[in-house]
Amino acid sequence: MTSNEILDKLEEMFPNAECELIHENPFQLAVAVVLSAQATDVSVNKVTPELFKKYPTPQTMAKADIKDIEKYIKTIGLYHNKAKSILGLAQGLVGEFDGVMPQTMDELITLPGVGRKSANVILSVCFEVPAIAVDTHVERISKRLKFAYKNDTVLEVEKKLMRKIDKSRWNRAHHLFIFFGRYFCTARNPKCDECPFTEQCCDTKAKKMKGIV
DNA sequence: ATCCCGAGGG
DNA sequence: CCCTCTGGAT
């Protein structure tokens, strides 16, 4: 199967794959993305509505007490670092960017808690810039379906995906890989028995040889 | 390479 | 019980 054929099939399986983080503007998406590190979007969506209600703008959050922020986000884990990150994110936006979300990779990654992956999500979801954010799902799926090798770094995975996938499909591919990874080709118990990609999957073949599938 | 970390699933 | 979750900073 070609890259386009794989994406066509994924479109068929997940026609409404999209960003599931609750947000109403770029600031809120940036906060939600930072909070989503090593946490499920479900758990993030559980706390952000109340958080955004209390701190709707970078200006209001910039003046928040970090302890109060921690209280709101405690249930998602890693809450100490994340509270510091989103407080610094709000302060950085106000102090360096006049409260307006920047639209370049170089500027975005200067914000605390925002690395390459989060920046790519903000660029593609908020500003429709072609980008492929490589998170845990995208990395796993890319390696299982042989878009990349197992020991490739996330940056190498991103470069290979950009090379092998048409630029016009980058943003869709990101969400399709996420949905496929989240609901079908999961880390622990992937649904190999009903998977349309078993031919080009390294993991499934390994399992077949062992008689697992 | 290590740390951060609670919640949900199997 | 153990593993995983839209990672980033040190």
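In what follows, every heavy atom counts, from backbone to side chain, and hydrogens, waters and symmetry copies are set aside. Proteins get letters first, then strands, A, B, ... in listed order; numbering begins at 1 in each.
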*asked:* Heavy atoms within less than 4.0 Å of DNA chain C: which residues of residues 157-176 of chain A have one? Give them sorted by number.
replied: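 Within residues 157-176 of chain A, the residues near DNA chain C are A/His174, A/His175.
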Nearest-angstrom distance, [atom1] atom, [N] to [M]:
N     : M     : atom1 : value
B/dA7 : C/dG8 : P     : 23 Å
C/dC5 : B/dC4 : C1'   : 14 Å
C/dC3 : B/dC5 : C1'   : 14 Å

Send over the distance from [X] [atom1] to [N] [atom2], rounded to a whole Å.
X        : N     : atom1 : atom2 : answer
A/Lys84  : C/dG7 : NZ    : P     : 20 Å
A/Leu108 : C/dA9 : CG    : P     : 12 Å
A/Lys74  : B/dC4 : NZ    : P     : 15 Å
A/Leu89  : C/dG7 : CG    : C1'   : 14 Å

*Is the gap between the ring centers of A/Phe147 and A/Phe177 under 6.0 Å?*
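Close enough - the centres of the two rings lie under 6.0 Å apart.
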What nucleotide, of [options], holds the atom closest to the side chain of [X]?
X        : options              : value
A/Leu78  : C/dC5, C/dT6, B/dC4  : B/dC4
A/Arg188 : B/dC5, C/dG7, C/dC3  : C/dC3
A/Asn81  : B/dG6, C/dT4, B/dC4  : B/dC4
A/Asn189 : B/dA7, C/dC5, B/dG10 : B/dG10
A/Ala187 : B/dG6, C/dG8, C/dC5  : C/dC5
A/Glu20  : C/dT6, C/dC5, B/dG6  : C/dT6
A/Ala37  : B/dG6, C/dC5, C/dG7  : C/dG7
A/Leu21  : C/dC5, C/dT6, B/dG8  : C/dT6
A/His80  : B/dC4, C/dG7, B/dG6  : B/dC4

*Is the A/Phe27 ring parallel, tilted or perpendicular to the A/Phe52 ring (thresholds 30°, 60°)?*
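Ring orientation, 0 to 90° scale: tilted.
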*asked:* Would you call the rings of A/Tyr183 and A/Phe179 parallel, tilted or perpendicular, taking 30° and 60° as the class edges?
replied: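 It falls in the perpendicular class, over 60°.
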*First encountered from the 5' end of DNA chain C, between A/Gly181 and A/Gly113*: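 The residue whose closest nucleotide sits nearer the 5' end is A/Gly181.
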*Let me know, please, whether A/Cys19 or A/Leu111 comes out on the 5' side of the other along DNA chain C by nearest nucleotide.*
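Taking each residue's closest nucleotide, the earlier one in sequence belongs to A/Cys19.
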*Could you state the interatomic distance from CZ (A/Phe197) to NZ (A/Lys146), rounded to the nearest 0.5 Å?*
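Atom-to-atom, A/Phe197:CZ and A/Lys146:NZ are 14.0 Å apart.
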*To the nearest 0.5 Å, what is the distance between NZ (A/Lys143) and CG (A/Asp203)?*
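Nearest 0.5 Å value for the NZ-CG distance: 11.0 Å.
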_Main-chain N/O of A/Glu156 paired to A/Thr153 side chain as donor or acceptor, under 3.5 Å_ =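 Flag set: sc A/Thr153 to bb A/Glu156 pair under 3.5 Å.
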*Under the side-chain hydrogen bond (donor to acceptor under 3.5 Å, both in side chains) rule, what pairs show up with a residue in residues 169-179 of chain A, not counting sequence neighbours?*
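Found A/Asn4-A/Arg169, A/Asp8-A/Arg169, A/Glu11-A/Arg172.
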*Residue pairs passing the side-chain hydrogen bond (donor to acceptor under 3.5 Å, both in side chains) test where at least one lies in residues 94-112 of chain A, sequence neighbours excluded*: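 As it turns out, the side-chain hydrogen bond (donor to acceptor under 3.5 Å, both in side chains) pairs with a partner in residues 94-112 of chain A, which skip direct neighbours, are A/Thr104-A/Glu107.
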*Would you please confirm or rule out a distance under 4.0 Å between OP1 or OP2 of B/dG8 and any side-chain N or O of A/Lys46?*
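For B/dG8, OP1 or OP2 has a side-chain N or O of A/Lys46 closer than 4.0 Å.
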